[in-house]
S.K.: 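Supplied in structure tokens, the structure appears directly below.
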Amino acid sequence: MNPEFLLKESIAKGLEKEFSIIVAPESILLEPTRKDFEGSLTFVVFPYIKQAKLSPEQIGARIGEFCKTDIPNIIASVNVVKGFLNIVFKDSLWVDQLYTNFLREDFAQVTDGKGEKVMVEYSSPNTNKPLHLGHLRNNFLGYSISQILKANGFDVVKANLVNDRGIHICKSMLAYQKFGSGETPQSAGMKGDHLVGKYYVAFDKELKKEIESLVASGIAEEQAKKDAPILKEAQAMLLKWEQGDKEVYQLWETMNAWVYEGFNESYKNIGVSFDHFYYESNTYLLGKDIVEEGLQMGVFNKREDGSVWIDLTAEGLDQKLVLRSDGTSVYITQDLGTAELKFKDFGCKRSVYVVGNEQDYHFVVLAQILKKLNKPYADGLYHMSYGMVDLPSGKMKSREGTVVDADDLVSEMVETAKLRTLEQGKTDGFTGEQAQKLYHTIGLGALKYYLLKVDPKKRMMFNPEESIDFQGHTGPSIQYTYARISAILRKAAELGITSDLPKGETIETLNPFEISVLELLSRFPTKIREAGAEYSPSTIANYIFEVAKEFNRFYVEVSIFQETDEIKKSFRIAFCKAVAKTIKDGMLLLGIEVPEKM
RNA sequence: GACUCCGUAGCUCAGUUGGAUAGAGCAACUGCCUUCUAAGCAGUAGGUCAAGCGUUCGAAUCGCUUCGGGGUCACCA
């Protein structure tokens, strides 16, 4: 039985016996004891002073005494400071916890989700240009939250809704037609997505040129922006695409195929994956039947010009268009359609959308509409809204060429990892392939950790120099801790030291370093719950860093192989195993791998 | 303008269901590699938690006001 729960039960019993205060054990709040006081868990008594009509110190003392006699096999001592009752567990309890809990294969598996299906939609790129830094945050967050939801007992379907149609794709296509002279990714020696992106930039350049010359000929800038011939051509091309024009369609398929090949390579390289792909070219016409449905229900209303609207003023929102007067879809129409499609395909009542916070309003509206339509999946919609990634030079803008390309960034990180590793001569005994894999693990680990350690909701700063730092609060430093432990475990195996204690043996006294690490390990399931409930990979990232940091303190202070007490030695091997497992499992929740050697 | 998110050390961030003396990392400075990997550890210095008022046993955390920054308010996606 979990000692934290036993303690809560005992406190609840104590409150009742001593003060006739009835509280459910689950609702009792315990927090980790502050470092400067003795103890593992702290019960704050202030909330009960009114009912108990005694001073905080007196209440704390009486509850403490009660617990001590109630569960003497768990508690070593208690102390009361002001209104804080600090509980010191017996060292042998931690030993017991280590063997029966922390080392268990499923220690990090929470079952609260009960196998319920959840769809996590993330990545969702446009096919007119390659992935950039902002996409990386999205992809890492999406993958990580999928892992975290799985760890919470949900059955997760990872989906990618590819935006493969629209005016922006036509821009790339048109520029390719004009200036491409038939080059291909092979002939250009470029990844397909980068090649297509090149023409997207080319389009923009041409467009600017045309606008300038129009302005020079005396046309107002506003008008020139609308009248530029190349823009008109792109719009015409989109129309042709929608009419199924063979030539346009073929070009579209060819160029998209290039992009997909490029994306797949990138996805593989950054270690994210999907269970299902949706393509907007298949879904952009959906949603019209839902509009019809809404009209029938009286949720939507049709105006004279034929456009369809929903009035959300009662909800504190606005009037919102859901279908244009010409009968074509807008963004939200499509999203209504795909929400329905997702539900039909997988039956997920819960659906997580990993989408930037500039779309907060859109998702509030979407959720409201689904609710009004009485959709069974309306309440399960969650917009995992994350902040922009800023550069020291300011906001990233594709058109102004201030984006950081995802592929370039990853290779730079890997290259830096290689340099650092070679500098330190740490690849002795590695084959070339193993070394390459290590550089990738470290470089990518650094990048993922850097992007995931920050609260997703917050806008964050990407400082290129800091992100390639491998020391301190970084992924590689955690990976390094894992590699160190692995070295110990290898040596223990060589020496034939087991991690099991002889039958009937236990350890009565641990050192403070061991205890504070074990305290941390005990919080892992709670942290997983927290991360799941808050949709916050950063909770896990910061927790794992704490574990690694605390273990490192133990590592420099306490020797394992020089320990003469064989029982203690075995215990410490088990201890190392549990820490390694926690770090590994935690990092995998972030999508970060850990190396056995580095 | 309306709505919304944010403001914590020089920098990047934790901490926010109200709890003890607000914590890390980087950068700066001092130490520690003949003992399990120094991508580590120990230490020094660095704070009016944007400002003010309020709520109460207690506020970085809740409320109001002000200042500063971002985002959204398209028959674009």
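In what follows, chains are A, B, ... by sequence order, proteins preceding strands, each numbered from 1. In this text the structure is predicted, and so the values were computed from the model without any measurement.
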S.K.: Would you kindly give the CG-to-C1' distance between A:L451 and B:A14, to the nearest whole Å?
M.R.: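 A:L451 atom CG is separated from B:A14 atom C1' by 17 Å.
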S.K.: For the side chain of A:K50, starting at C-beta, report the closest nucleotide among B:C57, B:A77, B:U12.
M.R.: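 Minimum distance to the A:K50 side chain belongs to B:C57.
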S.K.: Do A:S559 and A:E563 come within less than 4.5 Å of each other through their side chains, counting heavy atoms only?
M.R.: no
S.K.: Check for a donor-acceptor pair, side chain of A:D318 on one end and backbone N or O of A:K320 on the other, with a separation under 3.5 Å.
M.R.: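 Between the backbone of A:K320 and the side chain of A:D318 there is no qualifying donor-acceptor contact (under 3.5 Å).
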S.K.: Any N or O donor-acceptor pair linking the side chain of A:K597 to the base of B:U37 at under 3.5 Å?
M.R.: no
S.K.: Can you tell me the distance, in whole Å, between the CG atom of A:L520 and the C1' atom of B:A24?
M.R.: 14 Å
S.K.: Is the ring of A:F46 stacked on the base of B:G19, with centres less than 5.5 Å apart and planes under 30° off?
M.R.: yes
S.K.: Within 45 degrees of the ring normal and closer than 6.0 Å to the centroid, is that where the cationic atom of A:K342 sits relative to A:Y353?
M.R.: yes
S.K.: Using the C1' atom in both, what is the distance from B:U21 to B:C49, to the nearest Å?
M.R.: 15 Å
S.K.: Which helical stems does RNA chain B take part in, if a stem means at least 3 consecutive Watson-Crick or G-U pairs with both distances below 3.5 Å?
M.R.: B:1-7 with B:67-73, B:10-13 with B:23-26, B:28-32 with B:40-44, B:50-54 with B:62-66
S.K.: For A:F84 and B:A20, is the gap between ring centres under 5.5 Å while the planes differ by less than 30°?
M.R.: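 Ring-base stacking flag set for A:F84 and B:A20.
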S.K.: Would you mind classifying the nucleic acid contact of A:S477 as base, sugar-phosphate or nothing, using non-hydrogen atoms under 4.0 angstrom?
M.R.: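 Counting heavy atoms under 4.0 Å across all strands, the contact made by A:S477 is with sugar-phosphate only.
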S.K.: For A:R324 and B:C76, is the shortest distance between a side-chain N/O and OP1 or OP2 below 4.0 Å?
M.R.: yes
S.K.: Quick check on B:U35: is either OP1 or OP2 less than 4.0 Å from any side-chain nitrogen or oxygen of A:Q562?
M.R.: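 No, outside the criterion.
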S.K.: Hey, does A:N163 reach any base, or is it just sugar-phosphate, or nothing, if we go heavy atoms under 4.0 Å?
M.R.: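 Touches sugar-phosphate only.
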S.K.: Given the P atoms of B:G23 and B:G31, what is the spacing between them in whole Å?
M.R.: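 Their P atoms lie roughly 27 Å apart.
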S.K.: What is the distance from atom OG of A:S40 to atom CD1 of A:I87, rounded to the nearest 0.5 Å?
M.R.: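 Going from the OG atom of A:S40 to the CD1 atom of A:I87 covers 9.5 Å.
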S.K.: From the options B:C41, B:C36, B:C57, select the nucleotide whose nearest atom is closest to the side chain of A:R553.
M.R.: B:C41
S.K.: Once you apply a heavy-atom cut-off of 4.0 Å, does A:L317 come out as touching a base, just sugar-phosphate, or nothing?
M.R.: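 Nothing, no nucleic acid heavy atom in range.
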S.K.: Consider the side chain of A:R459, meaning its heavy atoms from C-beta on, and name the nucleotide among B:C36, B:G25, B:G71 that approaches it most closely.
M.R.: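 My answer, after comparing the listed nucleotides, is B:G71.
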S.K.: Kindly point out which of B:A14, B:C73, B:G19 is positioned nearest to the side chain of A:V44?
M.R.: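 When the side chain of A:V44 is considered, B:G19 is the closest of B:A14, B:C73, B:G19.
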S.K.: Out of A:N138, A:N357, A:D455, which one pairs with A:Y386 under the side chain to side chain donor-acceptor pair (under 3.5 Å) rule?
M.R.: A:N138
S.K.: Checking all strands, does A:Q424 fall into the base, sugar-phosphate, or nothing category for heavy-atom contacts under 4.0 angstrom?
M.R.: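 A:Q424: base contact, heavy atoms under 4.0 Å.
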S.K.: Roughly how many Å is it from CD in A:E534 to P in B:A14, rounded to a whole number?
M.R.: 13 Å
S.K.: Taking atom C1' in both B:G1 and B:U8, what distance in whole Å separates the two?
M.R.: 31 Å
S.K.: Hey, are A:K129 and A:D193 close enough for a salt bridge, meaning a charged N less than 4.0 Å from a carboxylate O?
M.R.: no
S.K.: Could you check whether A:F470 and A:Y449 have their ring centres less than 6.0 Å apart?
M.R.: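 Centroid distance A:Y449-A:F470: not below 6.0 Å, so no.
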S.K.: Report the nucleotide, chosen from B:A77, B:C41, B:C36, that has the shortest atom-to-atom distance to any side-chain atom of A:N552.
M.R.: B:C41
S.K.: Do the side chain of A:N152 and the main chain of A:I148 share a donor and acceptor less than 3.5 angstrom apart?
M.R.: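 Yes, A:N152 side chain to A:I148 backbone: donor-acceptor pair under 3.5 Å.
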S.K.: With sugar-phosphate meaning primed atoms plus P, OP1 and OP2, does A:V45 contact a base, only sugar-phosphate, or nothing at under 4.0 Å between heavy atoms?
M.R.: nothing
S.K.: Send over the distance from A:L321 CG to B:C73 C1', rounded to a whole Å.
M.R.: 14 Å
S.K.: To the closest 0.5 Å, what do you measure between CD1 (A:I63) and CD1 (A:I11)?
M.R.: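 One finds 7.5 Å between CD1 of A:I63 and CD1 of A:I11.
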S.K.: Any base atoms under 4.0 Å from A:M598, or only sugar-phosphate, or nothing? Heavy atoms, all strands.
M.R.: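 Base, at least one base heavy atom under 4.0 Å.
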S.K.: RNA chain B: A:R34 or A:P456, which has the more 5' nearest nucleotide?
M.R.: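 So the residue in question is A:P456.
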S.K.: Could you check which of B:A39, B:U12, B:A14 has an atom nearest any side-chain atom of A:M461?
M.R.: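 Nearest nucleotide to the side chain: B:U12.
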S.K.: Do A:R303 and A:D305 meet the salt-bridge criterion of a basic N to acidic O distance under 4.0 Å?
M.R.: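 No, A:D305 and A:R303 are not salt-bridged.
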S.K.: Does A:V454 reach a base, just sugar-phosphate, or nothing at all? Heavy atoms under 4.0 Å.
M.R.: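 Sugar-phosphate contact only.
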S.K.: The side chain of A:R484 lies closest to which of these nucleotides: B:C73, B:G25, B:G40?
M.R.: B:G40
S.K.: Counting the atoms with a prime plus P, OP1 and OP2 as sugar-phosphate, which does A:N86 contact under 4.0 Å by heavy atoms, base, sugar-phosphate, or nothing?
M.R.: base
S.K.: Which part of the nucleic acid, if any, lies within contact of A:T421, taking any heavy atom under 4.0 Å across all strands shown: a base, the sugar-phosphate backbone alone, or nothing?
M.R.: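 Here A:T421 touches the bases of the nucleic acid.
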S.K.: Given the P atoms of B:A39 and B:C6, what is the spacing between them in whole Å?
M.R.: 39 Å
S.K.: I'd like to know if A:E494 and A:K491 make a salt bridge, using a cut-off of under 4.0 Å between side-chain N and carboxylate O.
M.R.: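 Salt bridge flag = no for A:K491 with A:E494.
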S.K.: Which whole-number value in Å describes the distance from A:D390 CG to B:G71 C1'?
M.R.: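 Checked: the CG to C1' distance equals 12 Å.
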S.K.: For nucleotides B:A59 and B:A20, find the distance between their P atoms and express it as a whole number of Å.
M.R.: 10 Å
S.K.: Report which part of the nucleic acid A:D305 touches: base, sugar-phosphate, or nothing (heavy-atom distance under 4.0 Å, all strands).
M.R.: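 Answer is base: heavy atoms of A:D305 come under 4.0 Å of a base.
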S.K.: Separation of A:L29 atom CG from B:G58 atom P, in whole Å?
M.R.: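 Computing the A:L29:CG to B:G58:P distance gives 20 Å.
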S.K.: Choosing from B:C36, B:A38, B:U72, which nucleotide comes nearest the side chain of A:F561?
M.R.: B:C36
S.K.: Rounding to an integer number of angstrom, what distance separates B:C64 and B:A2 when you compare their P atoms?
M.R.: 15 Å
S.K.: Under 4.0 Å between a side-chain N/O of A:K453 and OP1 or OP2 of B:G25, yes or no?
M.R.: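 No, no such contact exists.
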S.K.: Between B:U16 and B:U35, how far is it from one P atom to the other, in whole Å?
M.R.: 42 Å
S.K.: Which part of the nucleic acid, if any, lies within reach of A:Y361 when heavy atoms closer than 4.0 Å are counted: base, sugar-phosphate only, or nothing?
M.R.: sugar-phosphate
S.K.: Tell me, please, whether A:Y543 has A:R523 positioned over its six-membered ring: NZ or CZ under 6.0 Å from the ring centre and within 45 degrees of its axis?
M.R.: no
S.K.: Using heavy-atom distances to pick each residue's nearest nucleotide on RNA chain B, tell me which of A:D469 and A:K457 is more 5'.
M.R.: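 Final value for this comparison: A:K457.
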S.K.: OP1 or OP2 of B:G71 versus the side-chain N and O atoms of A:N357: is any pair under 4.0 Å?
M.R.: no
S.K.: Which nucleotide, B:C36, B:C57, B:A38, lies nearest any side-chain atom of A:Y480?
M.R.: B:A38
S.K.: Strictly below 4.0 Å: does A:K569 bring a side-chain N or O up to OP1 or OP2 of B:C36?
M.R.: no
S.K.: Let's see if you can work this out: which of B:C13, B:C41, B:A39 has an atom nearest to the side-chain heavy atoms of A:K549?
M.R.: B:C41
S.K.: Using a cut-off of 4.0 Å on non-hydrogen atoms, how would the nucleic acid contact of A:P56 be classed: base, sugar-phosphate, or nothing?
M.R.: nothing
S.K.: How is A:T42 classified with respect to the nucleic acid when contacts are heavy atoms under 4.0 Å: base, sugar-phosphate, or nothing?
M.R.: base
S.K.: Considering every strand and a 4.0 Å limit on heavy-atom distances, what is the contact class for A:Y555: base, sugar-phosphate, or nothing?
M.R.: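 Here A:Y555 touches the bases of the nucleic acid.
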S.K.: Distance check, P atoms only: B:G58 and B:C41, in whole angstrom units.
M.R.: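 The same atom, P, in both gives a distance of 40 Å.
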S.K.: What is the distance, to the nearest angstrom, from the CG atom on A:L366 to the P atom on B:A77?
M.R.: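 The answer, rounded to whole Å, is 15 Å.
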